[in-house]
Protein chains: 2
Amino acid sequence: MIARHDTKTRILDAAEKLFGEKGFDGTSLRDITREADVNLAAVNYHFQSKESLIEAVILRSAGPVNDRRLAMLEAAGPKATVEQIVEAFVGPVLEYDFQPMAPLMARVLSSPEVMQRVFKQHIETLSRRFADAIAEAVPELSPSERMWRLHFTAGAMAHTVTRAPVMRDLFGGILDIKDRQQLIARLVRFAAAGFRAPGGY
Amino acid sequence: MIARHDTKTRILDAAEKLFGEKGFDGTSLRDITREADVNLAAVNYHFQSKESLIEAVILRSAGPVNDRRLAMLEAAGPKATVEQIVEAFVGPVLEYDFQPMAPLMARVLSSPEVMQRVFKQHIETLSRRFADAIAEAVPELSPSERMWRLHFTAGAMAHTVTRAPVMRDLFGGILDIKDRQQLIARLVRFAAAGFRAPGGY
DNA sequence: GTCTATAACGGGATAGAC
DNA sequence: GTCTATCCCGTTATAGAC
């Protein structure tokens, strides 16, 4: 008899689900081990602490997404348009909406402490890469204006992920893949126009 | 001998400060009563529970801000420009940045549970008022595109408030957070251009 | 209204058998 | 690697003196 997953993976899966549903503080190790059907002590054996578990869960989910963002940016080449850059920035994040990890990402995006702890240098390099690309596409922007507009775009994206359930209610149905692509197109239109707005030199 | 504030106000002040610093879950009633220099039992006497205290703190802070947003919208009149509408939407929120309540508002904006519990109908009516104004200023937008662009703007605004400390830390050299009026102008430029972006009819 | 004291509970973490 | 049992702490909330 071989279990579908080993204990460590079962813990990660359960934690990902519950952190997304109830937040990091709102989820106890007892909740997680019950959901994963493993022993309480297994968490502190495989991970050293709850804090380390949180980091492990986040990195397993967010790593591939950020890799994909950078890959799309590279694929667009050195002469990328603003639309291509924005799509590389927001597309991979929004595409993962409605996947199992989506609620977790929403939690991460809205938790200052966790963001700060886990992503400090990761976000720093990623922002710089995209800021450089924007500098090529919209050279007339001052460095700080460019950074702020990238920041506004990140906010619009994060807000869309974190408030997805509410928006789903507003539009009275479950969004399928087609709607997701349309949503990305909407955000790209909005943010690209924002980057091209006059002023802020 | 008359105390500067009564017990109830001291609790509210301390809670506002600590909730902003450490979050709602991260702040215990013991933390609050220690900071306020009142007895632990006073919280449950004046407020019935921690949850009620959270609501009271939020409403005391956020009420005036939302009132001001609606007042600015009305002051702009029926022929308001997109810039005026966006400024009414984001200005009062960002103006309160660096005031004592700012960290608290950031916490509220990044807690789905609290947002849902405290603001459900409040936000609904406010969104509708601003969506109507946008419909006047940019009539060619479809209702759903209009809603999404307002949502993106709210995200950019929320992200700016919630990430202000982190941004200061990460990009303190590039981003000048000090000038609030300039920051509002930047966001107004960005979002107004986004609302005027072609497509999405 | 405000205090002290404590109840009742759940949390993270760990020791030690297997 | 996995289990049971437990420690120790902090939490919200309340009872009852003043």
Side-chain angles (χ1 to χ4, degrees), chain A residues 1-60 104 107-108 111-114 116-118, chain B residues 1-60 104 107-108 111-114 116-118:
Chain A
M1 170 63 184
I2 298 173
R4 277 262 298 287
H5 302 289
D6 60 6
T7 298
K8 200 168 176 177
T9 305
R10 300 245 299 286
I11 292 172
L12 285 171
D13 290 340
E16 180 176 297
K17 178 187 171 201
L18 294 176
F19 285 152
E21 289 173 3
K22 309 197 296 174
F24 301 106
D25 293 328
T27 303
S28 68
L29 295 185
R30 285 172 170 82
D31 292 336
I32 294 169
T33 54
R34 197 183 311 118
E35 170 82 21
D37 198 30
V38 302
N39 189 270
L40 172 61
V43 173
N44 279 62
Y45 174 79
H46 288 285
F47 311 87
Q48 291 73 18
S49 64
K50 183 181 182 180
E51 198 160 303
S52 302
L53 171 63
I54 291 175
E55 278 195 36
V57 172
I58 293 172
L59 290 179
R60 187 182 69 152
L104 172 74
R107 290 288 175 178
V108 175
S111 169
E113 281 83 7
V114 172
Q116 183 83 342
R117 200 172 65 235
V118 182
Chain B
M1 169 66 185
I2 297 173
R4 276 261 299 288
H5 302 290
D6 59 5
T7 299
K8 200 168 175 177
T9 305
R10 301 244 300 284
I11 292 171
L12 285 171
D13 290 340
E16 179 176 296
K17 177 186 172 203
L18 293 176
F19 285 152
E21 290 173 2
K22 309 197 295 174
F24 300 108
D25 293 329
T27 303
S28 69
L29 295 185
R30 282 176 169 80
D31 293 336
I32 294 169
T33 53
R34 197 182 311 118
E35 171 81 23
D37 198 28
V38 302
N39 188 271
L40 173 60
V43 172
N44 279 63
Y45 175 77
H46 289 285
F47 310 88
Q48 291 72 17
S49 64
K50 183 183 182 179
E51 198 160 300
S52 302
L53 172 63
I54 291 174
E55 277 195 37
V57 172
I58 293 173
L59 290 180
R60 188 182 68 153
L104 171 74
R107 292 289 174 179
V108 175
S111 170
E113 282 81 7
V114 172
Q116 184 82 347
R117 201 172 64 234
V118 181

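Below, each value reflects all heavy atoms present in this structure, side chains not excepted, and no hydrogens, waters or symmetry copies. To find a chain, count down the sequence lines: A is the first, B the second, and so on, and within it residues start at 1.
One can place CD1 of B:I54 at 9 Å from P of D:dT12, the figure rounded to the nearest angstrom. Taking atom CD1 of residue B:I32 and atom P of nucleotide D:dA13, one finds them 11 Å apart after rounding to whole Å. Between the NZ atom of A:K22 and the C1' atom of C:dG11 there is a distance of 13 Å, given to the nearest Å. Here C:dG12 presents its P atom at 10 Å from CG of A:L53, a figure rounded to the nearest Å. Distance OH (A:Y45) to P (C:dA13): 17 Å, rounded to an integer number of Å. The separation between B:N39 atom CG and D:dC18 atom C1' is 13 Å, rounded to whole Å. Atom CG in B:D25 sits roughly 17 Å away from atom P in C:dG10 (whole-Å rounding). One atom, CG of A:L40, and another, P of D:dG1, lie 18 Å apart when rounded to the nearest Å.
Rounded to the nearest 0.5 angstrom, B:L18 CG and B:D13 CG are separated by 11.0 Å. Note: A:D25 CG to A:S111 OG = 7.5 Å, rounded to the nearest 0.5 Å.
Although no hydrogens or angles enter the test, the distance criterion places no donor-acceptor pair under 3.5 Å between the side chain of B:R107 and the main chain of B:F24. Between the B:D31 side chain and the B:S28 main chain, a donor and an acceptor come within less than 3.5 Å of each other.
Nucleic acid contact class of B:A41 (heavy atoms, under 4.0 Å, all strands): base.
Nearer to the 5' terminus of DNA chain D, by closest-nucleotide assignment, is the contact made by A:A42 (compared with the other of B:N44 and A:A42).
Look at B:S28 and you'll find a side-chain N or O under 4.0 angstrom from OP1 or OP2 of D:dT11. Considering only side-chain N and O atoms, A:T7 lies nowhere under 4.0 angstrom from the phosphate OP1 or OP2 of D:dG1.
Counting distance only, with no hydrogens placed and no angle test, the side-chain atoms of A:R30 and the base atoms of C:dG12 include a donor-acceptor pair under 3.5 Å.
With contacts defined as side-chain heavy-atom distances shorter than 4.5 Å, the pair A:V108/A:F19 does not qualify.
When each of C:dA13, D:dA13, C:dT2 is scored by its nearest atom to the side-chain atoms of B:H46, the top-ranked nucleotide is C:dT2.
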